[in-house]
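First comes the structure, then the notes that go with it.
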Amino acid sequence: MGKDFIKDLNEAQQKAVLAFKGPSLVIAGAGSGKTRVLTYRIAYLLSQDIPPGSILALTFTNKAAREMKERIGRLVGPERARYLWMGTFHSVFSKILRREGHLLGYPSTYTIFDTTDSKSLVKKIIKELDLNDQIYKPGEVYGRISSAKNNLITPQAYFSSAQLMEMDKRTRRPRIADIYKLYALRCKKSNAMDFDDLLLNLYILIRDFPEVLARYQEQFRYILVDEYQDTNYLQYRIINQLSSRYKNICVVGDDAQSIYSFRGARIENILNFKHDYPDYHLFKLERNYRSTRNIVGAANSIIARNRDQISKKIWSKKEAGEKVKLIRATTDNEEGYLIANLIQDAVYAHQLHHQDIAILYRTNAQSRIFEEALRKLNIPYKVYGSLSFYQRKEIKDLLGYFRLTVNPYDEEALRRIINYPARGIGQTTLSRLEEIAASRDKRIWDILLSMDDYAGVFNQGTIRRLKAFAALINGYRENLQTMEAFDLAYSIAESSGIMKDLHYENSPENLSKWENLQEILNGIKEFVETQDQAEDTTLDSFLQSVSLLTDADSEKEEDRDKVTIMTAHSAKGLEYRFVYVTGLEEELFPSRMSSNTREELEEERRLFYVALTRAMEQVTLSYANTRYRWGVPVNSVPSRFIREIEPEYMDQPFEENPDEPYRPTWKFSQKKVESVPVTTEKMKRMKPVSRTSAPSPSGIHFTADDPAEIQAGMQVEHPRFGQGKIINLEGEPPNRKATVFFKEHGQKQLLLKFAKLKIIR
DNA sequence: GACGTTGTCCTTTTT
DNA sequence: GGACAACGTC
Ligand SMILES: Nc1ncnc2c1ncn2[C@@H]1O[C@H](COP(=O)(O)OP(=O)(O)OP(=O)(O)O)[C@@H](O)[C@H]1O
């Protein structure tokens, strides 16, 4: 088989690809082609006739896995790429647990609890234990449980860890261990695993069943891990076990991009590699292929300030390019407005597609401002948010029915839908059901199946309603074996009353919800069609894979060419021609929560480094002097990170106290203060601080398009009226007349030969 | 038990 | 400014 593709790589990269036997560590800075090495290494393995099924490749996101697979498919043919074991730790392990989970007492149809399910269960347990949820905050308790799991601490181990128990005592939460134990028990009773269980259970599986371990060691003779700096202890142990027989393991990473310590990621995993595999090969890549020299220089100057790091050279042969720009805004809203305008201008000036642009920030709450600003200018965008499409209420409701059908012991799903749509089963009934189940060591579903035994406990009507509900779910269950996943899902959506509930009131919100449900159904169809194994085309398999998807993973075709708005964390591994890093203020980026120790601050700095190095051609930084926090304006100070960039890479020197058109000096009272209204006109007059090569605002260098090209439906721009849409055209040239609807100025009739219209799309 | 209104807390970051 | 729990009324 041809392996000419190797010449797509530089010499250092080639070496890392060709050394495919034995342990390899690739450690290199941003944009140096680590992911590319991993991709080509897999392609090379395939070209050496290594069966795809014996290669396990773990990536950080499902999207990265999909793209890598596609790339490999182009290099060595899609047929071979298809059967690779490739995906995130969670998704690959969830598939293994489908097959092997029975050894640990889980059915293959187990439910995956998402964070919301987990927190809601924790909260419930806290209530049941009669603990104060002010002290035992569900989110925090769940965090403790999660980090325990990721450090391989089971409930028993938690109880016997003097250190943990001591710490909980000191924080006046001595009963976290009890909550943890109950939580684990209840998940198990619900036939459910949370995200961390997917890792923990896989570990337990290979620890307690040596024959299973041996089988997977035999199968996965080649193991590759991307973004290794962000693996946690549990992941490390699993990889270590799986690779211990053949030791054909290749990990790639960059300690300077480790940004997930909050979920247990350990840079030490990279450092330990040489101890675990003393005969390892080390590969360093130094040439950055992504960014211009100024961007690489700026990023290097930032990361050099960290004490904890493996020193690395990184250089670019690309042109020097533009320097880093800085935008100062008076308010957060203005920040949104200015960035949106810059984007609009940059698209024209630099021939950008919208997909070449990303806006990054530290917290998800910042997205709203940019969404509004972009929407106003009609710039298409997509948000990679923390709550994905599958977390929306109407979606979770429908999925709740699917979940209950597949696994009726899933109590989170049951609680969610037993009374949606309303069927007269309220809180009182539900509590009683839970009580009965708990007192008899049974599960709610067991009680529902034997309602006749509880004639004395519930009244007639309630019994009838509960029986009807159980019969409904049982009816669906009977079809599990016989019906196709899509048909079953469709019939559930129709007959459960969910669709009807949305049709009942014809509001726009309901219409959009209805469309979302349709999308889920289509999603099932597509899922079934794209599975490689017949055993994976079931509804339970769909549910499992869907709970591990993020927004970025499940992008639709029509969303491709849009500006991406997301956190710096989500941007890891991605690249864009133009990048806007926003909200660079003290207490925000770096976050207030992580400004206490040097270690925390260094991680924030790494995050900033990640953000900068996503850019290929241009970086723009921004901050606002005033930002609304919980509806209250708060003054803010520019981030230290701006100052930390070597001035030679900055467009203009950063002035600590520049002249500002507006700077509130008064103290904010508790009462909500009216924000100073900044009118559109006012904002238009304000110039961004960054001036070099900043494209002129539309209207000054306005060039009209040929009127003959204008057609109905087009988006156009008028020098005075702004953006609008062509509603209608009438008459013959040269007296052709257009009806245009302008967003700001309403409907106008214009003669094309006079109106200077620019076609936007 | 359903539904609407008020009040509280919230913001790191994600599989 | 928004999500969600708690409260009150029908
Ligand atoms: N030898 C090469 N020739 C041309 N382009 C290359 C080469 N190596 C890498 N690139 C390009 O450089 C960019 C960065 O590569 P890649 O994403 O693999 O780097 P990385 O080290 O994984 O980056 P990061 O750690 O920042 O995510 C990509 O656009 C890639 O196509």
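In what follows, chains are A, B, ... by sequence order, proteins preceding strands, each numbered from 1.
Note on N364(A): every side-chain N or O is 4.0 Å or more away from OP1 and OP2 of dT12(B). For the OP1/OP2 pair of dT14(B) and a distance below 4.0 Å, the side-chain nitrogens and oxygens of T115(A) include no atom meeting the criterion.
In this structure, E604(A) and I425(A) both approach DNA chain B, and ranking their closest nucleotides by distance from the 5' end singles out I425(A). A residue-by-residue look at T462(A) and R592(A) shows that T462(A) has its nearest nucleotide of DNA chain B further toward the 5' end.
If you check every strand for non-hydrogen atoms under 4.0 Å, T429(A) touches sugar and phosphate atoms only. If you check every strand for non-hydrogen atoms under 4.0 Å, N419(A) touches sugar and phosphate atoms only. Among the heavy atoms of the strands lying under 4.0 Å from K123(A) are primed sugar atoms or P, OP1, OP2 only; no base atom is included. Among the atoms of the strands shown, none is found under 4.0 Å from any heavy atom of S91(A). When heavy atoms are screened at a 4.0 angstrom cut-off, Y260(A) is found touching the sugar-phosphate backbone but no base atom. Across all strands shown, T363(A) has heavy atoms under 4.0 Å from sugar-phosphate atoms exclusively, and none from any base.
Here the nucleotide nearest the side chain of H90(A), chosen from dG1(C), dT15(B), dT12(B), is dT15(B). Listed nucleotides dT12(B), dG1(C), dT11(B) differ in distance to A365(A); the shortest reach to its side chain belongs to dT11(B). Here the nucleotide nearest the side chain of Q134(A), chosen from dC9(B), dT13(B), dT15(B), is dC9(B). Here the nucleotide nearest the side chain of R362(A), chosen from dT11(B), dT15(B), dT13(B), is dT13(B). Picking from dT13(B), dT11(B), dT15(B) the nucleotide with the shortest atom distance to the side chain of T567(A) gives dT13(B).
K119(A) places its NZ atom 12 Å from the P atom of dC10(B), with the value rounded to the nearest Å. In this structure, K127(A) places its NZ atom 14 Å from P of dC4(C), rounding to the nearest Å. Rounding to whole angstrom units, CZ of residue R423(A) and P of dC3(B) are separated by 13 Å. Rounded to whole Å, the distance from CD on Q427(A) to C1' on dG8(C) is 17 Å. Between the C1' atom of dT15(B) and the OH atom of Y233(A) lies a distance of 20 Å, rounded to the nearest Å. Rounded to a whole Å, the NZ atom of K393(A) is 10 Å from the P atom of dC4(C). Distance CG (L601(A)) to P (dT12(B)): 15 Å, rounded to an integer number of Å. In this structure, H569(A) atom NE2 and dT13(B) atom P are separated by 9 Å, rounded to whole Å.
The two residues V579(A) and A611(A) come nearest to each other via the heavy atoms CG1-O, 3.9 Å. Nearest heavy atom pair, residue L198(A) against residue S94(A), reads CD2-CB, 4.0 Å.
Ring centroid separation for the pair F220(A) and Y216(A) comes in under the 6.0 Å cut-off. H569(A) has its ring centre less than 6.0 Å from the ring centre of F262(A).
Ring orientation note: the planes of Y260(A) and F60(A) are tilted relative to one another, at an angle of 30° to 60°.
Side-chain atoms of S594(A) come within donor-acceptor range of the base of dT12(B), with a qualifying N/O pair under 3.5 Å.
Under 3.5 Å, the side chains of T109(A) and D540(A) contain no donor-acceptor pair of N or O atoms. Using modelled atom types, one finds a donor on one side chain and an acceptor on the other under 3.5 Å when comparing S261(A) with E603(A).
For W630(A) and dT11(B), the ring-to-base geometry does not satisfy the stacking test (centroid distance below 5.5 Å, interplanar angle below 30°).
Residues from residues 141-151 of chain A lying near DNA chain B, meaning a heavy-atom separation below 4.0 Å, are absent.
Not counting sequence neighbours, the partners of K467(A) by the salt bridge (charged side-chain N to carboxylate O under 4.0 Å, His left out) test are D452(A).
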Indicate every side-chain donor-acceptor pair of residues 134-143 of chain A with a distance under 3.5 Å to a residue at least two apart or in another chain.
| unit_1 | atom_1 | unit_2 | atom_2 | d |
| --- | --- | --- | --- | --- |
| Y136(A) | OH | R175(A) | N | 3.0 |
| E140(A) | OE1 | R173(A) | NH1 | 2.8 |

